[in-house]
Amino acid sequence: MIIDAGGYPSPLGYGGFPKSVCTSVNECMCHGIPDSRKLQDGDIINIDVTVYLNGYHGDTSKTFLCGEVDEPSKLLVKVTEECMLRAISACKHGTSFKKIGRRISEHAEKHGFGVVERFVGHGVGRIFHSEPVIYHQRNNMPGQMVAGQTFTIEPILSMGSIECDMWGDGWTAVTTDGSLAAQFEHTILITKTGAEILTKC
């Protein structure tokens, strides 16, 4: 579909990644490789899509509910999306990057979820991954947003451990205790007065 529209799926071949999208099911935090496992009633799945079109990359992901999902899992998914949106709403020219992590952590902790620290947001545009590095947890990193910057905000929340184990494929990251994890992501453009979501449908 991406190729038919004149684009290219950015993940395909990136660092040796073998597929066109990432699909992260249940305890998979991120970078899951699509395979033949059938989705089951009660699963949650994050689908991470990056498209290269007209010289620019656009990076986005969303966690979906499969069939009848239990209430704790629904809450995890809901709060993760809210964390992303709260962080985006804090962004504008001159704002400290650390405000992103503070906004996400405050909302996640209020609901008893942990914020995964290992994976970060990133600058994106003509290059798939670039500066700035976006931390989703509380931090004291320096730096302020500048109008014209484009970067991703992509928090991962976990019901349990925020630590991960890596599978032998070198990509798939799963929670160490098997607890569920959810992620949402948008690419945003910083303006003088706020942030424009570039990957909004």
Side-chain angles (χ1 to χ4, degrees), residues 7-11 14-15 21-22 24 29-31 46-63 75-158 162-164 173 181-201:
Y8 184 84
S10 304
Y14 180 83
V21 297
C22 300
S24 302
M29 291 178 170
C30 61
H31 303 154
N46 177 272
I47 303 175
D48 191 338
V49 179
T50 308
V51 174
Y52 183 70
L53 180 67
N54 298 330
Y56 293 90
H57 298 271
D59 194 357
T60 186
S61 83
K62 180 175 181 177
T63 299
L75 182 63
L76 172 69
V77 171
K78 177 176 178 287
V79 171
T80 305
E81 183 174 25
E82 289 171 351
C83 283
M84 177 193 66
L85 294 174
R86 282 170 180 254
I88 292 171
S89 71
C91 295
K92 68 177 180 179
H93 177 80
T95 298
S96 297
F97 284 112
K98 62 186 178 185
K99 193 169 186 179
I100 292 171
R102 187 167 71 245
R103 279 278 180 101
I104 291 169
S105 295
E106 285 173 355
H107 193 58
E109 290 164 4
K110 187 168 73 174
H111 293 277
F113 300 124
V115 180
V116 173
E117 299 180 5
R118 177 161 178 175
F119 300 100
V120 296
H122 53 88
V124 64
R126 292 189 182 278
I127 300 171
F128 190 177
H129 294 96
S130 63
E131 297 291 330
V133 175
I134 305 299
Y135 297 96
H136 302 112
Q137 76 280 8
R138 282 190 182 84
N139 67 87
N140 287 309
M141 299 300 288
Q144 293 182 330
M145 302 169 202
V146 178
Q149 279 182 322
T150 53
F151 55 83
T152 69
I153 296 178
E154 45 184 303
I156 304 171
L157 269 57
S158 169
I162 62 169
E163 303 301 323
C164 74
Q183 182 180 33
F184 281 81
E185 174 184 17
H186 271 312
T187 297
I188 65 170
L189 166 67
I190 299 301
T191 70
K192 290 287 187 182
T193 57
E196 180 183 349
I197 299 175
L198 302 180
T199 44
K200 200 168 189 176
C201 295

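The residues of the chain are indexed from 1 along the displayed sequence. Below, each value reflects all heavy atoms present in this structure, side chains not excepted, and no hydrogens, waters or symmetry copies.
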- prompt: Centres of the H31 and F119 rings: under 6.0 Å?
  reply: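 Ring centroids of H31 and F119 are less than 6.0 Å from each other.
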- Task: State plainly whether the residues R138 and E109 are in salt-bridge range, i.e. N to O under 4.0 Å.
- Result: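 Answer for the salt bridge query: yes.
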Calculate, to the nearest 0.5 Å, the distance between atoms [atom1] and [atom2] belonging to [X] and [Y] respectively.
X    : Y    : atom1 : atom2 : value
C30  : N46  : SG    : CG    : 8.5 Å
C91  : L189 : SG    : CG    : 11.0 Å
K78  : C83  : NZ    : SG    : 10.5 Å
R102 : Q137 : CZ    : CD    : 13.5 Å
I100 : S105 : CD1   : OG    : 11.5 Å
T187 : F151 : OG1   : CZ    : 10.0 Å

Side chain proximity check, [X] to [Y], heavy atoms < 4.5 angstrom:
X    : Y    : value
V49  : V51  : yes
Q149 : F97  : yes
V146 : H93  : yes
T150 : Y56  : no
T152 : H122 : yes

*E196/L198 under side chain to side chain contact (heavy atoms under 4.5 Å, CB included): CA gap, chis, key distance, verdict*: CA-CA 6 Å; E196 180 183 349; L198 302 180; 4.0 Å; yes
Please name all residues satisfying ring-ring contact (aromatic ring centres under 6.0 Å, His included) with Y8, sequence neighbours left out, ordered by chain then number.
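Y8 satisfies ring-ring contact (aromatic ring centres under 6.0 Å, His included) with no other residue.
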Requested in this report: Could you tell me which non-hydrogen atom of M84 sits nearest to which non-hydrogen atom of I153, and how far apart they are?
Outcome: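 Closest heavy-atom pair between M84 and I153: CG-O, 3.9 Å.
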Worksheet item: Looking only at heavy atoms, which two atoms of M29 and V116 are closest? And how far apart?
Response: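 Closest pair (atom of M29, atom of V116, distance): CE-CG2, 3.7 Å.
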Side chain to side chain contact (heavy atoms under 4.5 Å, CB included) between F184 and V77, worked out = CA-CA 9 Å; F184 281 81; V77 171; 3.8 Å; yes
Indicate yes or no for a side-chain donor-acceptor contact from [X] to the backbone of [Y] under 3.5 Å, with no hydrogens or angles considered.
X    : Y    : answer
T191 : G194 : yes
T60  : E185 : yes
R103 : R86  : yes
T80  : L76  : yes

Just checking F128: does its CZ atom have more than 12 heavy atoms from other residues, nucleotides or ligands closer to it than 6.0 angstrom?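 Check passes, neighbour count above 12.
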Q.
Working note: Y135 + V133, criterion side chain to side chain contact (heavy atoms under 4.5 Å, CB included); need CA distance, chi angles, decisive distance, verdict.
A. CA-CA 6 Å; Y135 297 96; V133 175; 3.7 Å; yes
Under 3.5 Å, is there a donor-acceptor pair between the H129 and D59 side chains?
->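 No, D59 and H129 have no side-chain donor paired with an acceptor closer than 3.5 Å.
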Side chain to side chain contact (heavy atoms under 4.5 Å, CB included) partners for I197, two or more places apart: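 For I197 the side chain to side chain contact (heavy atoms under 4.5 Å, CB included) partners, ignoring immediate neighbours, are I88, H186, I188, T199, K200.
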All salt bridge (charged side-chain N to carboxylate O under 4.0 Å, His left out) counterparts of E106, not counting sequence neighbours =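 Salt bridge (charged side-chain N to carboxylate O under 4.0 Å, His left out) list for E106, sorted by chain: empty.
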query: Would T50 and H57 satisfy side chain to side chain donor-acceptor pair (under 3.5 Å), going step by step from the backbone distance to the final call?
result: CA-CA 7 Å; T50 308; H57 298 271; over 6 Å; no
Practice task
Can you label the angle between the H107 ring and the H111 ring as parallel, tilted or perpendicular, going by 30° and 60°?
Solution key: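 Plane angle over 60°, so perpendicular.
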*In this structure, which one of E154, H136, E81 forms a side-chain contact (heavy atoms from CB on, under 4.5 Å) with Q183?*
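With Q183 as partner, E154, H136, E81 yield a single side-chain contact (heavy atoms from CB on, under 4.5 Å), made by E154.
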